[in-house]
Number of protein chains: 2
Amino acid sequence: MKIILLSGDSGNRLWPLSNGARSKQFLKLLKSPDKSFESMLQRTCRQIKEAVKDADITVSVPRSQVPAVHNQLGESFPICDMICKKDTFEEICLAAVYLHDVRKISPQETVVFCPTDFFTENTYFHEIHTLAEKVQKNDGLLHILGVLPTYPSEKYSYILPKNKEKCSQISCYFEKPEEKQAFCLIGSGALWDSGVYAASLEYFLKKAHQAIAFEDYEEFYAKFQDLQPKSFENEIDSKESCFVVRYEGEWKKLGTWNTLTESMEDSSVGNVILDDTCGNVHIVNELDVPVLCMGLSDIVVSASAQGILVSDKKTSSYMAPYTERIHQRIMYAEKSWGSYRVLDVEEESMTIKVVLLPGHGMNYHSHERRDEVWNIIGGTGRIIVDGMEQPVKAGDVITMQAGCRHTILAETELHVIEVQLGREISADDKKKYHLESETFFT
Amino acid sequence: MKIILLSGDSGNRLWPLSNGARSKQFLKLLKSPDKSFESMLQRTCRQIKEAVKDADITVSVPRSQVPAVHNQLGESFPICDMICKKDTFEEICLAAVYLHDVRKISPQETVVFCPTDFFTENTYFHEIHTLAEKVQKNDGLLHILGVLPTYPSEKYSYILPKNKEKCSQISCYFEKPEEKQAFCLIGSGALWDSGVYAASLEYFLKKAHQAIAFEDYEEFYAKFQDLQPKSFENEIDSKESCFVVRYEGEWKKLGTWNTLTESMEDSSVGNVILDDTCGNVHIVNELDVPVLCMGLSDIVVSASAQGILVSDKKTSSYMAPYTERIHQRIMYAEKSWGSYRVLDVEEESMTIKVVLLPGHGMNYHSHERRDEVWNIIGGTGRIIVDGMEQPVKAGDVITMQAGCRHTILAETELHVIEVQLGREISADDKKKYHLESETFFT
């Protein structure tokens, strides 16, 4: 069973935790069965593996988030990376072409596209079997997993099935109707479009070729950046020839703080103090310093290195126009090789903390317009500076003038305070070199 | 006219802005007439100077806060420093003895003690003239400035005057009564005790000698730390022989976020975004990253390097039991010589940013249990390391092993990233030395 996890959405309505460097799918805020925290991606993947024993999972994700997938799921899943973020139509088409051209999947195979930004019960994923079975029966046509609505939301599209059977042809499709219309549709037996789409691979390939001129995966990948973003649901031209499979259990999209906090088991994560008078309050604090909350109701507080959100839960869904105004550098990022955190920014200097995981290192590189100082504060490793290799340990200080080539490799977890000095400090000011020493990274 | 500004209260109900290193009197949150921000201390001082042309002001303050007074008021006011914080009785007695023994003020002079943690109109301070005139007329006896109450607060003490004249003998004094009693007292014409006390210096000296055995200022100063804290109002034994001067204008004690925000002209200070649906919300953000507030009512948010408070305004008055639980290092402090900020803390390292103002430097010192690295990121200065003097500038890196003697002096404003490395990093691990170079700090 080919299942593609769609992780292309960044989720900017979960600021300040999600941002350009960290999508909502990767936030570890949900409690796993063993009571540790897991992300939406980890949860979806775990639930699918439990429900579908022969699941062959591919992860679709923007290229910048590939390290995050490796961090959270390991390196065993094939990844279809996108050069940038687009909408669901482009994401699904690229993944379909990837499956066919790169993974050599037969066009007759059934594939299931599954978003990762919702919260549901394990039984939901048992419906993947139903979807596959019905796709086989119905000539590989598109089958959408429909969810019994719980309220007349304007955020979902509605599918009116022809009958109340487990699997029904679609009578009519309503794209994100107004609340009043949604209310009537629910009365008429409509279901929410959950975004889970199943069909033969051929069906998706045909969609891609109809809309976009390309020969193969490589050409498609190269064109991806210039495609006009479209949502997949808008591109299904004759929805009446499609089917909907009905699911009647708990299901919730985790796009906003309002819905995400409903799915959090604990009311607070991190260093938080709540007084006795707080009610229906959720606090996520990623900072080292405490958050004290007193006398609050229906409030979400979220604090990270990027900023602080304090919002009425319902109102938090409408943050987009405000967060769009915030243009800031990434203050903290987790990477496959470790993490970095901006500690101090001045006009002509920037101080960051870099943590390198054992066995990981930087590219051999130089900067044209800045000097750098590495203050090693923990761990051991090796460096090469202008061709000279030497071991480093806590307490060592390495100064590098602009133009000097350098790299660092962690033997044990290596903690470095890096001081950058120069007039135009920019991530673009980086020139990479081939490392002559072939043994350095081995 | 001798006026003593009482700045002994730390104001721990204004966490996370006020703390052991920064008292509420020094928070710059009030708008001055020129639309810049001023602190309670600066505001009180400005208002007194405007109202009392011949005001001879002395500032009473804990020793640790003397640099803050110099920063905010300059160095022209005499300072009566306390070795530690006590209550108002000890503070007033020490200041009285200081005025007599150190400043050689005659016992017959009228002195006015004035707290600095309230918000009032300029006219309030015109009453200082009334107080002085009445003290002269009434044999140097104690005169309390009484304020017309606006609500039956349980936080104030109440003075029932014998009559409704501008200055009246006190009929009865009620120490912080319950709300119901306060309500009745207001009906009977009682006034709030504003904490402004005027009498002849002799009156206060007598109080001091009655309660505490001491010969002179030095002995009193030395004994101060061991005194049992008492509030001044409790130590006025025969209040019926005292007078109250009536004030009927606006007056508000700024002890809690609830009252402080009422006196803030702007609803936000710092990097703050409020949506249109916020009402009666005040945000003070001292961090570099934005605070986004949506859909809030009657809420105060305060963010500093020490932590984040999110509270219903009224509830915020009851924060003491919660902030007492927070035991944390000082993450940011402004000093007479500049400022420091903790950037990163690990078990065996600490990274701080130090800003030294021009002409300021550190003591010549060494540490037994830690190495240090100075990364100069801005400005110019001079250093001495183990007797060797040399100039430093942005880009220089100085490494110092444990035991090494060192000092740094700023010529222009000097910005330093200091990396400390060792197993037991502590502020106590500091050995000071006499500096042989007599010209270094000149």
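Comparing Ile417(B), Ile299(B), Asp371(B) by heavy-atom pairs within less than 4.5 Å of chain A, the highest count is held by Ile417(B). Contact count versus chain A (heavy atoms, under 4.5 Å) is highest, among Asn285(B), Val373(B), Val345(B), Thr323(B), for Val373(B). With chain A as the partner, the residue from Thr315(B), Ile308(B), Val397(B) showing the most heavy-atom pairs under 4.5 Å is Ile308(B). Counting heavy-atom pairs closer than 4.5 Å to chain A, the top-ranked of the candidates Val289(B), Leu292(B), Asp312(B) is Leu292(B). Taking chain B as the reference chain and counting heavy-atom pairs below 4.5 Å, the highest number among Asp275(A), Val310(A), Asp298(A), Ile283(A) is found for Val310(A). When Glu347(A), Glu346(A), Gln328(A) are compared by the number of non-hydrogen pairs under 4.5 Å with chain B, Glu346(A) comes out ahead. Among Pro321(A), Gly307(A), Cys278(A), Ser311(A), the residue making the largest number of heavy-atom pairs under 4.5 Å with chain B is Ser311(A).
Neither the backbone nor the side chain of Ile398(A) comes within contact range of chain B; no heavy atom of the residue lies under 4.5 Å from a heavy atom of that chain. In this structure, chain B has a heavy atom under 4.5 Å from the backbone of Ile376(A), while its side chain stays farther away. Contacts of Gln306(B) with chain A are made by backbone atoms alone, with heavy-atom separations under 4.5 Å and no side-chain atom involved. At a 4.5 Å heavy-atom cutoff, the contact between Val301(B) and chain A is made by side-chain atoms alone. For a residue to count as touching a neighbouring chain, one of its non-hydrogen atoms must lie under 4.5 Å from one of that chain's; by this rule Ile326(A) touches chain B with the side chain only. Heavy-atom distances place both the backbone and the side chain of Asp276(A) under 4.5 Å from chain B. Using a 4.5 Å cut-off between heavy atoms, Leu343(A) contacts chain B through both its backbone and its side chain.
Taking the side chain as every heavy atom from C-beta outward, Asp344(B) and Met350(B) never approach each other to under 4.5 Å.
For the residue pair Ser349(A) and Leu421(A), the shortest heavy atom distance occurs at CB-CD2, 4.2 Å. Closest approach of Val300(B) and Lys313(B) over heavy atoms only: N-CG, 4.1 Å. The two residues Pro290(A) and Trp15(B) have their closest heavy-atom pair at O-CH2, 3.6 Å.
Salt bridge present: Asp117(A) and Lys24(A) bring a charged side-chain N and a carboxylate O closer than 4.0 Å. Of the charged side-chain nitrogens involved, none lies within less than 4.0 Å of a carboxylate oxygen, so that Lys155(A) and Glu179(A) do not count as a salt-bridged pair. Salt-bridge annotation for Glu334(B) and Lys28(B): absent, with no side-chain N of the basic residue lying under 4.0 Å from a carboxylate O of the acidic one.
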CA sep, side-chain torsions, deciding dist, call: Thr256(A), Asn258(A), side-chain hydrogen bond (donor to acceptor under 3.5 Å, both in side chains): CA-CA 5 Å; Thr256(A) 66; Asn258(A) 196 21; 5.2 Å; no
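Atom CG of Asp288(B) is surrounded by 12 or fewer heavy atoms from other residues, nucleotides or ligands within 6.0 Å.
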